[in-house]
Structure formats: structure tokens, C-alpha cells
Engineer: 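Handing you a structure now.
If you're wondering where the values come from, they're calculated on a predicted model, not measured in any experiment. Note that the numbering runs from 1 along the sequence shown for the chain. Whatever order the structure lists them in is the order used to number ligands and atoms, beginning at 1.
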Amino acid sequence: MNWMRRVGTVAVTGMVVLGAIGWVPVRALAQTPIPELVARLEASGGKERPAGGEISVKGVVGARHVLPDGKVLVLVLNPGETALKVWAEGAAATELAPRHEVTLSGSPSAGPVGAGLALKAGSVSVLATNKPFGASEGRDAAWMKDASSLAGRYVQLTNVTFVEAKLGDDGLARVKAADGAEAVLRVSKSAAGRAAPVGAVDVFGFPVRVGDGWQLVAARVLQADRRDLVALATKHTCITCHNPEMKLVGPAYRDVAARYRDDAEAAGKLMSQMRTGGSGKWGAIPMLPFEGKVSPEDMKRLADWILGYRWDAILAE
Ligand code: HEC
């Protein structure tokens with residue numbers, strides 16, 4: 001958990017020893033608001049070189065995607081804003097997980113999918129984790145044909161299905177809306193070869209221009225019927241101890257899904273916990289059995305829904 005170590009280590013101003021003069025404060029790199037920076041970068045095609053050559057920003061990581069050349073595309077924004085593209089490499093890229101609030105610095109650069117910032121190694125500080133993205137704008141897939149009006153904004157493709165049963169080696173996937181329109185998703189190279197989500201899903205992400213088309217960099221993939229499943233979990237009282245996103249008495253379903261993301265037997269294990277209860281996997285507090293209170297069909301629906309959150313973990317890799 002590399003990022004855990006860095007929480008709270010942001011050094012805004014530092015001090016240096018200067019011979020006999022003593023401690024002298026070093027001026028912090030002034031932070032540039034993201035919308036202003038995006039406008040400047042787009043106008044200059046990424047070639048802008050401000051005095052000092054380095055720009056510092058603060059925002060929430062929206063999505064990340066490993067590009068074919070090994071570079072990582074990260075979109076950083078604040079709720080309601082257009083996202084800033086950041087190119088990162090190696091260890092620095094792993095700290096930029098979706099929903100981390102970060103400060104980082106870099107220099108303007110023209111990257112493979114437009115103008116952005118080339119990340120300065122060692123400049124990332126994680127200020128908080130699990131930040132919400134705020135409201136997204138719901139869209140159907142036909143809109144992706146020309147996404148220019150919403151380039152870099154947080155949007156949602158509703159009720160799409162994956163065209164292929166497995167994700168491609170390049171981390172790209174085609175999705176189809178109910179009306180037949182298709183869109184290309186950039187998922188993650190670490191998801192290559194994985195079984196695609198089955199059934200209708202809502203995909204949240206950021207449109208980016210690639211060549212002469214538009215692709216959506218996926219930030220979250222959630223089941224389209226998740227509201228019905230929250231209602232089912234409420235009816236069966238699961239929600240008194242569990243929240244999908246946050247730890248309560250029991251673990252967050254997102255964390256449960258992350259732990260079992262590569263386990264083919266996961267649904268059976270979760271159903272067994274529901275039937276017989278259990279303790280010790282997430283702490284000392286036990287979960288009581290639901291055998292006879294929740295039907296096997298509902299247990300299966302709840303298990304599949306909980307495991308749907310594994311995409312949060314896959315997209316953060
Ligand atoms: C009274 C509180 C409470 C209620 C109600 C409750 N749980 Fe839990 N649940 C827990 C606790 C505590 C744990 C952690 C147990 C452990 O450490 O093994 C847990 C763990 C789990 C796990 C993780 C199992 C694993 O193998 O890692 C799942 C899945 C789960 N609960 C699902 C449900 C579902 C579905 C319901 C509703 C039918 C439900 N829970 C109701 C408290 C509760």
C-alpha cells in the first residue's frame with residue numbers, strides 16, 4: 001500500500017540550511033487552477049513553457065489508463081471541472097489511483113492523446129483517499145461519435161453491454177448501447193483478457209480524443225440495476241452494517257470485491273458467509289447468519305452485485 005505511507009506527507013513549504021545564515025524558507029510552487037491550465041495547454045498544444053517550466057496542481061484522480069508505450073494517462077480534476085491529462089511513468093504512476101486527492105507537479109507536454117502535463121517524479125502527495133467525483137452527466141453511446149462538447153468531463157454511458165466476452169490485450173473494449181451505437185472504452189492494461197462484465201452496466205469516465213475518434217477512459221464500471229440491489233440489501237438489513245463505498249460495522253463492498261477480484265470461487269464464498277455468518281476475515285466483529293432469512297436467489301443476486309465493485313479495484317491497478 002504505497003500510497004498509505006504518503007498520506008499527510010505533503011510538504012507545501014520546506015526549509016533549507018544555507019551555510020552560516022541558518023534556516024531559510026523555500027517558496028512553495030504556486031498551484032494553478034485546473035480549468036485555467038487546461039485552457040492554456042490546449043491553446044498552446046502542450047508546448048507552453050512557463051517561467052521555471054514547472055506547474056503544480058491539486059485535484060482528484062478521476063481515471064488512469066496504461067497506454068501501449070507503457071506511459072500512464074491519468075485524468076485529474078475537481079468536481080464539475082474539465083480534467084487535466086497527466087502522463088506518468090513507473091513508480092510515480094502507481095500513486096495516482098482513482099479517487100485519491102493529490103497534489104502533483106509537472107511540465108507541459110504534448111502527449112499521445114493531446115496536451116497535458118508530464119509528471120515530475122516524486123512530486124505526488126496523496127492528501128485523501130476515496131473522494132467522490134460529484135455529479136456525472138448521463139449519455140448514450142451515440143454521443144461518443146463526437147464527444148468534443150464534453151471532452152475531459154466526467155460523464156456516464158448508461159445501460160451498455162460489452163461486445164466481446166473478454167477484454168482485449170490492449171486494455172480497450174467495445175461497448176454497445178441499447179440502440180446499437182458503439183463506443184470504445186479504455187479500461188486498463190491490467191484488465192487484458194479478463195471476462196467482461198455481463199449484463200447492462202453504467203460506465204463512468206472521461207472522453208479523450210485519440211486520432212480522429214473519441215474514446216472513454218473508464219473510471220468506474222457499475223451494474224446498471226445497482227439501485228434495485230441497494231433496495232434488496234436494505235430489505236435484508238445488510239445496509240445497517242455495510243455501505244458499498246465505505247467501511248461501517250462490516251467492510252465496504254468495494255473492499256470485499258477488491259479482495260476477491262481474481263477468485264473464480266468468490267460468489268460461492270460470499271454466499272457461504274451470508275448463510276452461516278463468520279468473523280476474523282475483516283476484524284473481530286462477527287457477522288450473524290442469514291440462512292432461512294434470505295432466499296438463495298437473493299443471496300446470489302447480492303453476491304454478484306458486491307463482486308461488481310471489483311472493477312473499482314481493477315481500474316485502480
Ligand atoms: C450486524 C451487522 C451486519 C449485517 C446486518 C450484515 N453484515 Fe455482512 N459483515 C458484517 C461484519 C462484521 C463482517 C466481517 C466479518 C469478518 O471479519 O469475517 C461482514 C462481512 C461480510 C462479507 C465479506 C465476506 C468475506 O468472505 O470476506 C460479505 C460479502 C457480507 N458481509 C455480506 C452481507 C450481506 C449480503 C448482508 C445482508 C444479507 C450482510 N452482510 C449483513 C456485518 C454485518
Engineer: Which residue from G250, A303, A257 reaches closest to atom 11 (C) of ligand 1 through any of its heavy atoms?
Structural biologist: G250
Engineer: Tell me, yes or no, whether the heavy-atom count around K145 atom NZ, taken from other residues, nucleotides or ligands under 6.0 Å, exceeds 12.
Structural biologist: no
Engineer: Quick test of your reading of the model: are R259 and D255 salt-bridged, counting only N-O distances below 4.0 Å?
Structural biologist: no
Engineer: Run down the list M271, K281, Q273 and name the one with the heavy atom closest to atom 15 (C) of ligand 1.
Structural biologist: Q273
Engineer: Hey, does W311 have a side-chain heavy atom less than 4.5 Å from the side chain of L222?
Structural biologist: no
Engineer: Which of the listed options, C241, A284, G280, holds the heavy atom that is closest to atom 3 (C) of ligand 1?
Structural biologist: C241
Engineer: Less than 4.0 Å is my threshold; does some heavy atom of K269 fall inside it relative to ligand 1?
Structural biologist: no
Engineer: With a cut-off of 2.8 Å, does any N, O or S atom of M287 fall short of it relative to atom 8 (Fe) of ligand 1?
Structural biologist: yes
Engineer: Does this structure show an ion pair linking D202 with R226, if we count only N-O contacts that are shorter than 4.0 Å?
Structural biologist: yes
Engineer: Please determine whether a side-chain nitrogen of the Lys or Arg among E42 and R209 lies less than 4.0 Å from a carboxylate oxygen of the Asp or Glu.
Structural biologist: no
Engineer: For ligand 1, is any non-hydrogen atom under 4.0 Å from C238's backbone (N, CA, C, O), its side chain (CB onward), both, or neither?
Structural biologist: both
Engineer: Can you find an N or O of T237 that's nearer than 3.5 Å to an N or O of ligand 1?
Structural biologist: no
Engineer: Measure the CD-CG distance between E54 and L117 for me, rounded to the nearest 0.5 Å.
Structural biologist: 10.0 Å
Engineer: Give yes if a backbone or side-chain nitrogen or oxygen of H242 is under 3.5 Å from a nitrogen or oxygen of ligand 1, and no if not.
Structural biologist: yes
Engineer: Which option out of Y260, Y253, F290 puts a heavy atom nearest to atom 34 (C) of ligand 1?
Structural biologist: Y253
Engineer: List ligand 1 atoms under 4.0 Å from G283, heavy atoms only on the residue side.
Structural biologist: 17 (O)
Engineer: Decide, yes or no, whether a salt bridge links E297 with R301 under the criterion of side-chain N to carboxylate O below 4.0 Å.
Structural biologist: no
